[in-house]
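Keep in mind that what you see is a predicted model, and the values were worked out from it rather than measured.
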Amino acid sequence: MGEKITEVEQHGIAPIPPEEQTSRPRDLFRMAFGGANTFATIILGTLPIAFGLSFWAAVAATATGVVVGALVLSPMSLFGPLTRTNNAVSSGAHFGVVGRCVGSFLSLLTAITFFAISVWVSGDAVAGAAQRLFGFDGGEVLRGVAYGVIAIATLVVCIYGYRFMLLVNRVAVTLGTAIMLLGVVAYGGTFDPGFAGTGAYALGEFWPTWILAALTTMANPISFGAFLGDWTRYIPARHSRRSLLAAPFLAQVATLLPFGFGIATATLVADPADYITGLTAISPLWYAIPLIVVALIGGLSTGTTSLYGTGLDFSSIFVKLSRVQATLLIGSLSVVFIFVGNFVLDMVSSINAFATLIVLCTSPWMVIMMIGFVLRRGFYDPDDLQVFNQGRKGGRYWFTRGVNWRAMAAWIPATTLGLLTANTPMIAGPFKDIAGGVDISMVVTLCTAAIAYPVLVKLFPEPPEVYSYTEPVAEPAVAV
């Protein structure tokens with residue numbers, strides 16, 4: 001019997017019982033789109049304008065980043081139905097059951113970033129709307145209270161779990177889409193598609209800045225890579241791979257709506273770096289309340305999408321913590337970052353720095369998993385993936401002390417070279433000018449991972465038992 005929406009989810013990262021795999025690819029679409037059809041995505045959409053690009057240049061960079069990111073993301077939906085667990089644990093088949101902690105680190109990085117963005121944006125929208133509607137300027141006190149209330153509400157939804165999140169995302173998809181489309185009426189009379197940009201490019205020249213905008217946008221779809229398994233584990237493996245690939249891809253393409261909303265409205269505000277305050281100031285009074293609604297619901301949707309998966313995953317690393325306790329711990333750490341990032345640091349720079357880290361650290365990890373999926377022909381042993389979580393040793397995926405050094409020897413150089421060639425305002429590597437100032441870090445990191453991992457597997461073959469049930473397991477999993 002499946003869990004009800006109003007019941008706290010009891011499942012951790014142990015394989016979902018087949019009888020409870022009742023979701024479908026369209027539920028995956030709702031979760032992926034609902035988690036991105038929010039103000040957090042709108043904020044990312046404003047950044048190309050804040051970087052100095054024109055409207056059409058911003059649109060082109062955003063569309064490029066979304067489509068490329070969606071293509072990289074889509075195959076990450078294939079693991080959950082087969083392993084019946086999340087993607088971080090599934091990565092143990094390729095990185096080793098201990099080495100899969102890399103995926104846990106990446107999910108933590110993504111969760112803190114997007115949870116912070118969602119709470120920042122929602123809190124600022126509430127504070128700005130209060131001033132717009134009631135003439136009340138609560139300053140930092142009001143913003144701080146708003147951040148706290150929204151953060152607590154997000155934590156509550158995460159604690160209830162997957163079914164409750166699915167309900168929130170269903171509402172977010174419908175309501176958020178309707179309100180953003182209503183923005184055509186609210187701002188259509190003042191919007192100018194011929195907006196030429198400020199000309200003060202973030203990186204001094206057009207193409208380096210355009211690439212920066214595309215990479216920043218790409219962080220949105222890439223950020224879902226560590227989390228798709230949180231939802232696809234509820235989808236039975238009988239569904240076609242085509243439908244599993246299509247759901248997250250189409251969900252990310254659909255995010256061109258909130259991205260477009262952000263780009264268009266950023267051309268209207270006085271200071272794109274202070275977007276929320278500027279937007280509430282120029283909004284018609286009748287549109288201020290719908291903005292609050294989409295900010296609050298969207299904040300819940302984005303925050304729960306990222307925070308839920310990380311709490312789920314860390315409960316498997318720190319086995320003394322339940323899913324609920326791990327969620328509360330990660331949520332509390334994120335709240336600290338929210339207040340420090342907003343009141344002490346520059347929010348736009350913080351977002352850009354974390355977006356860069358997400359892309360350059362997560363994308364090679366995803367590439368290695370995809371190549372591994374092809375090499376294994378979709379074969380996974382759900383029980384042996386749980387060895388580390390259950391305090392055991394051995395099994396098909398033990399490799400060398402629980403780590404597959406081939407995958408690690410591909411991921412570490414790929415990530416390192418990406419960071420060395422990065423060229424962003426906050427993260428600039430020593431080789432940032434190797435291509436005339438154009439940021440080639442994404443190409444470098446993807447190509448390094450895509451070449452290094454299969455070459456290493458060819459030169460140093462992996463144990464035969466990871467490829468088929470018919471092969472004996474070299475070292476049976478035993479309790480520590």
Side-chain angles (χ1 to χ4, degrees), residues 39-66 68-69 113 117 120-121 124 128 183 187 190-220 256 258-283 341-360 419 421-443:
F39 248 98
T41 304
I42 290 173
I43 288 294
L44 289 176
T46 67
L47 294 183
I49 299 297
F51 293 159
L53 295 179
S54 68
F55 172 75
W56 288 113
V59 168
T62 299
T64 301
V66 167
V68 173
T113 301
I117 293 174
W120 275 336
V121 171
D124 287 354
Y187 307 114
T190 55
F191 168 64
D192 177 15
F195 177 78
T198 62
Y201 297 125
L203 296 180
E205 298 180 24
F206 173 78
W207 282 113
T209 303
W210 191 92
I211 297 294
L212 170 66
L215 288 177
T216 304
T217 301
M218 197 182 300
N220 207 48
L256 289 173
F259 270 117
F261 183 93
I263 295 170
T265 51
T267 66
L268 303 176
V269 301
D271 180 10
D274 191 14
Y275 172 74
I276 295 297
T277 302
L279 184 65
T280 53
I282 66 169
S283 297
N342 196 283
F343 293 120
V344 179
L345 306 175
D346 174 68
M347 186 175 73
V348 172
S349 298
S350 300
I351 292 173
N352 176 255
F354 274 84
T356 302
L357 287 174
I358 288 170
V359 169
L360 297 183
L419 292 172
T421 54
N423 185 16
T424 74
M426 288 288 287
I427 299 178
F431 304 125
K432 64 178 182 178
D433 296 321
I434 196 171
V438 174
D439 191 330
I440 60 170
S441 59
M442 184 64 176
V443 175

Practice problem: Applying side chain to side chain donor-acceptor pair (under 3.5 Å) between Y275 and each of T280, T46, T265, report the one that passes. | Solution: T265
Self-check item: Heavy-atom pair with the smallest gap, counting every atom of W210 and T64
Solution: CH2-OG1, 3.7 Å
Exercise. List the atom of L360, the atom of A422, and the distance in Å for their closest heavy-atom pair.
Key: CD1-CB, 4.0 Å
Quiz item: Can you name the nearest heavy-atom pair linking G278 to V269, along with the distance?
Solution: C-CG1, 3.6 Å
Quiz item: Can you tell me how far OG1 of T62 sits from CG of L44, rounded to the nearest 0.5 angstrom?
Solution: 9.5 Å
Self-check item: From D433 atom CG to N423 atom CG, the distance as rounded to the nearest 0.5 Å
Solution: 6.5 Å
Quiz prompt | Residues which pass side chain to side chain contact (heavy atoms under 4.5 Å, CB included) with L215, listed by chain and number, not counting sequence neighbours | solution = I211, M218, D439, S441, M442
Exercise. Provide the closest heavy-atom pair for P258 versus T41 in the form atom of the first, atom of the second, distance.
Key: CG-CG2, 3.9 Å
Quiz item: Is the shortest heavy-atom distance from the side chain of L419 to the side chain of L357 under 4.5 Å?
Solution: yes
Quiz item: Just wondering, do D192 and T267 contact through their side chains at under 4.5 Å, heavy atoms?
Solution: no
Quiz item: Do I49 and I263 have side-chain heavy atoms sitting under 4.5 Å apart?
Solution: yes
Quiz item: In chain order, what residues pass the ring-ring contact (aromatic ring centres under 6.0 Å, His included) check against F431, with sequence neighbours excluded?
Solution: none
Quiz prompt | Atom pair CD1/CG of I282 and L268 - distance to nearest 0.5 Å | solution = 4.5 Å
Exercise. Hey, could you give me the CG/CD1 distance between L279 and I43, rounded to the nearest 0.5 Å?
Key: 8.5 Å
Distance-only check: which donor-acceptor pairs under 3.5 Å involve side-chain atoms of residues 194-208, not counting sequence neighbours?
| residue | atom | partner | partner atom | Å |
| --- | --- | --- | --- | --- |
| T198 | OG1 | A200 | N | 3.3 |

Self-check item: Closest approach of I440 to A435 (non-hydrogen atoms, all atoms of both residues)
Solution: CG2-CB, 3.7 Å
